[in-house]
Enquirer: 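Before anything else, here's the structure in question.
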Amino acid sequence: MTLPDSESLPFPGFVADAECRIRYVNRAWHALLGDRLGERWVDLFDEMDANAVLARWRACQRSLEPLRVRGRIVDRSGTTRYFAVHCQPFIETEDAPTELYGLLVDITDEVQQEAENIAILETAVDAVICIDERGRIETFNQAAMRLFGYAASEIIGQPITILMAEPHRSLHDDYIQRYLSTGDRRIIGIGRELEGVDRDGQRIPIYLAVSEIRMSGRHRFAGIIRDLREQRANREALAEQRERLAHGDRLSTMGEMTASIAHEINQPLTAISMYAQSGIRLIERGDADPVRLREALQKLIDQSLRAGAIIERIQRFARAQENQRELGDVNALLTDLLKLAETDARLHAMDLTLELQPDLPAVYCDPVQIQQVALNLIRNAIDAMNEIQCIHGREIRIRTRLLGDGRVEVSVSDQGPGVADDQQDLLFTPFHTTKKDGMGMGLSICRTIIAEHGGVLSFRNNDATGATFFFTLPQGTLDDEQS
Ligand code: ADP
C-alpha cells in the first residue's frame, strides 16, 4: 500500500494496520524520524494518551470518520517537535480490517506560542480561565486560583458553571449552544459585571470579558476576570461620603431657614393657644355649649396635627439616610416641598408659583435628595433677588414639564441679576461663592445628586432678567420598580 503521491508530499506520512502498527512510511517521514516499521504509531508520541487514542481509533474504524490527535516526538536530530496527526481510516479490500493513513503537520511553533501565552497568563494580574465548547475548564491561572480559592488541578475539567452565580449558572450551557449555532453574541467581546462564586460559596462581584479563540478548528473561550470587591468598596465609601456631604448641606439649609421654620411652627402653636383659651372661656362662663366646645377642641386637634406635620417634614428632610430610591411623582415632591419653602419666601416678600405639567411619568429617585436640590435652587433664587431691587415683582417660578425625549425637567426661574459672564464657568465649582456668608457647596452637591440620578443640572440666563436653573430626571422604568 502506498499513499497517492506520498513520496513527493512535503508532510511526513505513514500507513498503519488495524492494530496501529506502522506498515509504510514516506520519504519525508523517513528523513524526519527514520524507519519505524512495525512499531505502533501511538507509542511514538509523548503527551499522547495511547489508550484513549486507541479507543477513538476503534470508533473511527466503524464510522470511517477521520481522526485528529496531537503529540510530541523527538526527531532524528534530537529536536523535540509537536505534530498534529491527521488520520484517515480506509479499507483496502472488502472484508479486510480497517487500516489508516496518517499525515503529520508540524505545529511546534503554534504549541510554543501557546506555551508562551500560558506563561503570560500565569503571571497575569487578572484571573484568566479558558473553557472548551462544552464549558469545561481547560486552563486556570494563578490569579484565578487566588480569586476563586480552587487549585488548578482540582478544577480543570470541571464545568465553568461551578464558578457562576444564578441565573447565569443554569443558563450558561444555553448561552454557548446559542452562540455556536446562531453566532449571537451576548457577552463575547463585550465586558459585563456579574457575580462569581468562590470555593466557600461566597459571591464575588466580578467584571468578565470573554473572547473566543479558534484553534485547530476548535472553539475555545477565554474569560478575563477582574475582582471588583475593592472597586465596589471604594464606590460605596464614595457614595457614603457624598451622602454625608449632602446631609451636611441639608442641615445647613435648615439652619439658614430657622427663622422661617420657627415662624411656620409658631402659626399653629398660636392657633392652638387661641382655641384652648376660647374653650376655657366657654367653660368659665358656665354655659359651655357641648357643640361649640367640641368645635374648639376639634380645631385644636387640627392645628396640633398641622404643627406635627411641619415637624415631621423637617425631620424627614434633616434625617441622615442612605440612598433610598423609589418611583416617585415629581409634582407631588415639589408640592410637598413648597410647604417648607413658602414661608421662607414670604419672609423675603417673594411669591413662589408652581406650574406643574399634569400626568408626568414617574421618576426613580430619592425624594428627599430631589427636594434638597429644588430647595437649594429656590434659596439661591431668593438670595439672587435679594441682591437687587426687583422692578418686575418678586416672583420665583417652579415649573415641571415633559421633554420630547421622555425626561422630566424641573426649572426654577428668578428675576434676580442673572449669572455674570465671568461667573458662568465657576458656578458648579465647590467653594465658589459670591455671597458674604455663602459656602459655595450647594450647586456642586446638587449637580452630583442629579448626575447620580442619571440627569443633568444646568442654567441659562433669562431673556428679560434673572436666571433659570433646571435639572432633568430620566423616566422610571419597570426594572426600577422591581429593584
Ligand atoms: P452658595 O449659595 O453658598 O454661594 P452655591 O453653590 O449654591 O453656593 O452657589 C454658588 C454661586 O452661584 C453663588 O454664590 C452665586 O454667585 C451663583 N448663583 C447661584 N444661583 C444663582 C442665581 N439664581 N442667580 C445668580 N447667581 C446664582
Side-chain angles (χ1 to χ4, degrees), residues 1-115 118 130-139 153 156-159 180 213-220:
M1 160 72 202
T2 55
L3 289 170
D5 287 335
S6 66
E7 289 308 321
S8 56
L9 262 181
F11 301 111
F14 67 98
V15 176
D17 67 14
E19 302 311 319
C20 290
R21 274 185 299 270
I22 299 173
R23 287 210 291 118
Y24 163 83
V25 296
N26 71 355
R27 210 176 291 149
W29 170 294
H30 199 272
L32 184 78
L33 299 165
D35 181 5
R36 312 294 286 254
L37 296 181
E39 289 185 59
R40 292 198 316 174
W41 67 270
V42 288
D43 296 330
L44 300 183
F45 294 92
D46 295 333
E47 291 192 356
M48 186 186 284
D49 181 348
N51 288 333
V53 177
L54 282 175
R56 288 174 63 196
W57 164 233
R58 301 266 170 261
C60 294
Q61 280 179 311
R62 285 188 294 278
S63 66
L64 296 183
E65 294 275 328
L67 174 70
R68 277 198 58 178
V69 290
R70 48 194 271 181
R72 187 175 64 182
I73 205 163
V74 179
D75 70 12
R76 286 172 94 173
S77 68
T79 313
T80 301
R81 291 174 164 212
Y82 290 86
F83 288 98
V85 189
H86 296 249
C87 303
Q88 179 61 51
F90 71 93
I91 301 170
E92 198 165 19
T93 54
E94 219 177 317
D95 298 333
T98 313
E99 299 187 293
L100 143 166
Y101 66 80
L103 283 179
L104 269 52
V105 178
D106 195 331
I107 53 166
T108 310
D109 290 347
E110 205 177 299
V111 170
Q112 272 165 358
Q113 183 66 50
E114 207 175 309
I118 288 173
C130 291
I131 58 168
D132 64 15
E133 66 261 53
R134 290 178 309 152
R136 310 251 153 212
I137 297 172
E138 287 191 338
T139 67
S153 55
I156 285 176
Q158 300 280 343
L180 292 178
I213 309 165
R214 267 188 235 192
M215 249 180 65
S216 319
R218 286 172 58 217
H219 289 271
R220 286 156 84 202

Enquirer: Under a 4.5 Å cut-off applied to non-hydrogen side-chain atoms, are Thr98 and Leu64 in contact?
Expert: yes
Enquirer: Any chance you could lay out the side-chain contact (heavy atoms from CB on, under 4.5 Å) test for Val85 and Leu103, step after step, and finish with the verdict?
Expert: CA-CA 6 Å; Val85 189; Leu103 283 179; over 6 Å; no
Enquirer: Using side-chain contact (heavy atoms from CB on, under 4.5 Å), reason through Asp109 and Tyr82 one step at a time and then give a plain yes or no.
Expert: CA-CA 8 Å; Asp109 290 347; Tyr82 290 86; over 6 Å; no
Enquirer: If you measure from CH2 on Trp41 to CG on Leu100, what distance do you get to the nearest 0.5 Å?
Expert: 6.0 Å
Enquirer: Decide yes or no for Phe90 and Tyr101: does some side-chain heavy atom of the first lie under 4.5 Å from some side-chain heavy atom of the second?
Expert: yes
Enquirer: Between atom CD of Glu19 and atom CG of Leu54, what is the distance when rounded to the nearest 0.5 Å?
Expert: 8.5 Å
Enquirer: Under the salt bridge (charged side-chain N to carboxylate O under 4.0 Å, His left out) criterion, do Glu39 and Arg21 qualify, and how do the steps go?
Expert: CA-CA 5 Å; Glu39 289 185 59; Arg21 274 185 299 270; over 6 Å; no
Enquirer: Check side-chain hydrogen bond (donor to acceptor under 3.5 Å, both in side chains) between Arg136 and all other residues, then give those that pass, not counting sequence neighbours.
Expert: none
Enquirer: So how far is it from Gln88 CD to Glu65 CD, rounded to the nearest 0.5 Å?
Expert: 9.0 Å
Enquirer: Checking Ile91 against Glu99 for the side-chain contact (heavy atoms from CB on, under 4.5 Å) test, could you report, in this order, the C-alpha distance in whole Å, the side-chain angles of both residues, the deciding distance, and whether it holds?
Expert: CA-CA 6 Å; Ile91 301 170; Glu99 299 187 293; over 6 Å; no
Enquirer: Would you list the pairs meeting salt bridge (charged side-chain N to carboxylate O under 4.0 Å, His left out) in which at least one residue belongs to residues 72-82, sequence neighbours left out?
Expert: Asp46-Arg72, Glu47-Arg72, Asp75-Arg81, Arg81-Asp106
Enquirer: For Glu138 versus Asp132, what's the shortest heavy-atom pair and its separation?
Expert: OE2-CB, 3.4 Å
Enquirer: Hey, does the side chain of Trp57 reach the backbone of Ala18 with a donor-acceptor pair shorter than 3.5 angstrom?
Expert: yes
Enquirer: For the pair Arg40 (side chain) and Ala16 (backbone), establish whether a donor and an acceptor sit closer than 3.5 Å, ignoring hydrogens and angles.
Expert: no
Enquirer: Can you give me the closest heavy-atom contact between Cys60 and Pro66, atom names plus distance?
Expert: SG-O, 4.2 Å
Enquirer: Could you go step by step and tell me if Phe45 and Phe83 meet the side-chain contact (heavy atoms from CB on, under 4.5 Å) rule?
Expert: CA-CA 9 Å; Phe45 294 92; Phe83 288 98; 4.3 Å; yes
Enquirer: Side-chain contact, heavy-atom cut-off 4.5 Å: Phe14 with Leu104?
Expert: yes
Enquirer: If we only count heavy atoms from C-beta on, is the Val25 to Pro12 side-chain gap below 4.5 Å?
Expert: no
Enquirer: Hey, does the side chain of Asn26 reach the backbone of Phe11 with a donor-acceptor pair shorter than 3.5 angstrom?
Expert: yes
Enquirer: Is there side-chain contact between Ile22 and Leu44, with at least one heavy-atom pair below 4.5 Å?
Expert: yes
Enquirer: Output the distance between atom OG (Ser63) and atom CZ (Arg58), rounded to the nearest 0.5 Å.
Expert: 13.0 Å
Enquirer: What closest approach, in Å, do Thr139 and Ile137 show between heavy atoms, and which atom pair accounts for it?
Expert: O-CG2, 3.7 Å
